[in-house]
Amino acid sequence: MLILNERPHDFIELIPKVDELGSLMKKHSNQLRRFRNNIFHLRENHREVEQFLEGQHNRLKWAEELQIVFGEFFSEYRVLCQFYYIIEDRKEEFLM
């Protein structure tokens with residue numbers, strides 16, 4: 001995993017958030033792939049698109065939750081990066 005192998009040790013605190021993202025993404029990954037294919041490769045039959053958005057799976061709620069978790073992850077990641085850049089005197093990479 002990139003967080004473990006390619007980042008400073010302090011980044012390990014992000015592992016639970018990475019695991020949460022992985023679990024959420026897997027929940028509807030195959031259906032999301034098919035949805036994406038039907039959107040970007042225009043089809044005459046829109047039923048699969050409608051099925052993705054309808055029904056008992058509540059995928060819009062899932063997409064909103066996924067967006068929130070991604071936002072939280074990248075917010076925490078940004079803070080860790082900025083802290084690391086300051087400690088390592090990498091001022092050119094520090095975003096104010």
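These numbers were taken from a predicted model, which means no experiment stands behind them. Here, residue 1 is the first one in the sequence, and each next residue gets the next number.
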Run the salt bridge (Lys or Arg N to Asp or Glu O under 4.0 Å) check on Lys61 and Glu64 step by step: do they pass? CA-CA 5 Å; Lys61 182 173 174 41; Glu64 290 171 355; over 6 Å; no
For Arg33 and Asn30, run side chain to side chain donor-acceptor pair (under 3.5 Å): C-alpha distance rounded to whole Å, both residues' side-chain angles, the deciding distance at 0.1 Å, then the answer. CA-CA 5 Å; Arg33 179 188 54 77; Asn30 191 45; 2.5 Å; yes
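The shortest non-hydrogen separation linking Tyr84 to Pro8 is CE1-CG, 3.2 Å.
Ser29 OG to Arg34 CZ: the interatomic distance, rounded to the nearest 0.5 Å, is 11.0 Å. Interatomic distance, Leu14 CG to Glu20 CD, rounded to the nearest 0.5 Å: 12.0 Å. Atom CD of Glu65 and atom CZ of Arg59 lie 14.5 Å apart (nearest 0.5 Å). Rounded to the nearest 0.5 angstrom, Ser75 OG and Lys17 NZ are separated by 10.0 Å.
Phe83 pairs in a side-chain contact (heavy atoms from CB on, under 4.5 Å) with only one of the listed residues (Ile86, Ile87, Leu80), which is Ile87.
Within 6.0 Å of CD in Glu72 there are more than 12 heavy atoms belonging to other residues, nucleotides or ligands. The number of heavy atoms from other shown groups lying within 6.0 Å of NE2 (His41) is above 12.
Under a 3.5 Å cut-off, the side chain of Trp62 and the backbone N or O of Leu24 do form a donor-acceptor pair. Side chain of Ser23 to main chain of Asp19: a donor-acceptor pair is present (N/O by atom type, distance under 3.5 Å, no hydrogens or angles).
Using a 4.5 Å heavy-atom threshold, the side chains of Phe35 and Gln31 count as separate. Here the side chains of His46 and Asn38 are not in contact, with every heavy-atom distance at 4.5 Å or above.
The aromatic rings of Tyr77 and Phe74 sit perpendicular to each other, their planes meeting at more than 60°, with 30° as the lower class boundary.
Leu32 and Met25 fall within the same hydrophobic cluster, where Ile, Leu, Val, Met, Phe, Trp and Tyr residues are linked whenever their side-chain heavy atoms come under 4.5 Å apart, directly or through other members. Ile12 and Val79 are assigned to two separate hydrophobic clusters, defined by single-linkage of ILVMFWY side chains at heavy-atom distances under 4.5 Å.
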